[in-house]
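Just so you know, residue 1 is the first one in the sequence shown, and it goes up from there.
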Amino acid sequence: MYRKGEVSYQALPLPDRAHLDEAGSLAGAQDFLAFMRKRHSVRDYSTRPVPEAVIAACILAAGTAPSGANHQPWHFVAISDPAMKARIREGAEEEERAFYAGGAGDEWLAALEPIGTGVSKPHLTTAPWLIVVFAQRYGLTDDGARYKNYYVPESVGIATGFLIAAIHHAGLVCLEHTPNPMKFLGPMCGRPEHEKPVMILPVGYPAEEATVPAVAKRKKPLDEIMSVFRG
């Protein structure tokens with residue numbers, strides 16, 4: 001992370017190294033693919049409690065993500081307080097009402113139709129935890145001096161991907177929820193003005209009756225997402 005006055009480079013021998021042959025690498029990649037294919041964005045949550053230690057471990061995993069200049073321009077607010085979750089749901093649904101009343105435009109609403117989304121967001125109160133992801137536009141040193149962060153959207157996006165994978169690895173589910181705008185979340189979560197909320201992740205165990213949209217199982221084939229130039 002950024003340290004004021006720290007401008008010299010120091011090399012550290014690679015502390016962790018995987019020793020796999022080609023077959024082992026392929027098996028590892030295929031195993032991970034099979035595991036991630038079991039990940040689903042879920043809107044129906046069980047009220048079964050999730051220990052805070054599990055959430056903390058998932059957030060620590062997110063914090064291992066690479067970032068521009070290693071500035072780690074993110075902050076994660078984990079919320080289990082029912083009253084606070086209710087206020088977040090109220091604020092999110094207020095924004096969603098404007099969104100679905102025409103703010104989104106016909107094309108966007110048509111794109112969302114197969115997903116089955118709407119104004120009501122019960123998952124924001126049913127899920128035992130909400131994790132609000134914040135992006136830090138710039139950083140502040142201990143003495144209050146401002147410094148620039150680099151590649152903030154990219155860095156926070158990678159960290160959020162790590163977080164979602166960690167949540168799945170813990171046997172939990174989540175939903176990538178992005179009410180727009182989300183300005184109400186900063187003051188509610190006690191975050192400074194230079195932090196921008198980018199996503200709410202309800203986190204918990206899926207309800208017994210949980211469903212997912214059929215369209216969510218459609219993933220682009222390899223030939224649509226990969227190009228290769230062989231040497």
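- For residues 149-161, the side-chain hydrogen bond (donor to acceptor under 3.5 Å, both in side chains) pairs, not counting sequence neighbours, are H71-N149.
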Kindly indicate, with the supporting measurements, whether the criterion side chain to side chain contact (heavy atoms under 4.5 Å, CB included) is fulfilled by I131 and I55.
CA-CA 9 Å; I131 300 176; I55 300 300; 3.9 Å; yes
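- By the criterion of side-chain heavy atoms lying less than 4.5 angstrom apart, applied directly or through intervening Ile, Leu, Val, Met, Phe, Trp or Tyr residues, I59 is grouped together with Y205 in one hydrophobic cluster.
- V152 is not listed as a side-chain neighbour of Q136, based on a closest heavy-atom distance of 4.5 Å or more.
- A side-chain donor-acceptor contact under 3.5 Å links H40 and K217.
- Looking at heavy atoms from C-beta onward, T178 lies out of side-chain contact with V198 at the 4.5 angstrom threshold.
- Side-chain contact check for H123 versus D44: every heavy-atom pair is 4.5 Å or farther apart.
- More than 12 heavy atoms of other residues, nucleotides or ligands sit less than 6.0 Å from atom CG of D223.
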Applying salt bridge (Lys or Arg N to Asp or Glu O under 4.0 Å), run through D143 and K4 and close with a yes or a no.
CA-CA 10 Å; D143 59 5; K4 189 174 182 180; 2.8 Å; yes
Salt bridge (Lys or Arg N to Asp or Glu O under 4.0 Å), that's the test. Do R137 and E195 meet it? Break it down for me.
CA-CA 6 Å; R137 297 183 180 93; E195 292 188 1; over 6 Å; no
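- The nearest pair of heavy atoms linking P206 to V173 is N-CG2, 3.8 Å.
- Note that CG of L185 and CD of E95 are 9.0 Å apart. Values are rounded to the nearest 0.5 Å.
- In E52, the CD atom is not crowded: 12 or fewer heavy atoms of neighbouring residues, nucleotides or ligands sit closer than 6.0 Å.
- For the pair I79/K85, a side-chain contact is recorded, criterion being any heavy-atom separation below 4.5 Å from C-beta on.
- Residues W129 and V77 do not share a hydrophobic cluster, defined by chaining ILVMFWY side chains whose heavy atoms lie under 4.5 Å apart.
- Under the 4.5 Å side-chain criterion, counting only non-hydrogen atoms from C-beta, L130 is in contact with L124.
- Distance check: Y45 OH to L172 CG gives 9.5 Å after rounding to the nearest 0.5 Å.
- Residue V42 is not grouped with residue M199 when hydrophobic side chains (ILVMFWY) are merged at heavy-atom distances under 4.5 angstrom, including chains of intermediate members.
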Begin with the C-alpha distance, continue with both residues' side-chain angles, and end with the deciding distance and a verdict on salt bridge (Lys or Arg N to Asp or Glu O under 4.0 Å) for K220 and E224.
CA-CA 6 Å; K220 291 182 178 180; E224 291 188 20; 5.2 Å; no
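- Taken from NE2 in H177 to OG in S41, the straight-line distance is 12.5 Å, to the nearest 0.5 Å.
- Looking only at side-chain heavy atoms (C-beta outward), Y138 and H194 come within less than 4.5 Å of each other.
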I would like to know whether R146 and L140 meet side chain to side chain contact (heavy atoms under 4.5 Å, CB included); could you show each step before the answer?
CA-CA 5 Å; R146 182 187 298 193; L140 296 173; 4.2 Å; yes
Side chain to side chain contact (heavy atoms under 4.5 Å, CB included) between F162 and C58, worked out
CA-CA 8 Å; F162 275 39; C58 291; over 6 Å; no
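- The environment of K121 atom NZ is dense: over 12 non-hydrogen atoms of other residues, nucleotides or ligands sit within 6.0 angstrom.
- Linking ILVMFWY residues whenever their side-chain heavy atoms come closer than 4.5 Å, directly or via other members, places V132 and M84 in the same cluster.
- Looking at H75 and P197, their side chains never come closer than 4.5 Å, going by heavy atoms from C-beta outward.
- Surrounding CG of D16 are at most 12 heavy atoms belonging to other residues, nucleotides or ligands under 6.0 Å away.
- Cluster partners of Y2, using a side-chain heavy-atom cutoff of under 4.5 Å among ILVMFWY residues and allowing indirect links, are Y147.
- The hydrophobic cluster containing F76 also contains V156, counting ILVMFWY residues as joined when their side-chain heavy atoms lie under 4.5 angstrom apart, directly or transitively.
- With rounding to the nearest 0.5 Å, the separation of NZ in K196 from CZ in F134 is 12.0 Å.
- From R87, atom CZ reaches atom SG of C189 across 9.5 Å, with rounding to the nearest 0.5 Å.
- Contact annotation: the side chain of P122 approaches that of S120 to within less than 4.5 Å [non-hydrogen atoms, C-beta and beyond].
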Mind running side chain to side chain contact (heavy atoms under 4.5 Å, CB included) on L175 and L201 for me, showing each step along the way?
CA-CA 5 Å; L175 177 70; L201 292 175; over 6 Å; no
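- Closest non-hydrogen pair, T125 versus A86, comes out as CG2-CA, 3.7 Å.
- In this structure a side-chain-to-backbone donor-acceptor pair under 3.5 Å is present from S67 to Q72.
- Atoms CD and CG, on Q30 and L33 in that order, are 7.5 Å from each other to the nearest 0.5 Å.
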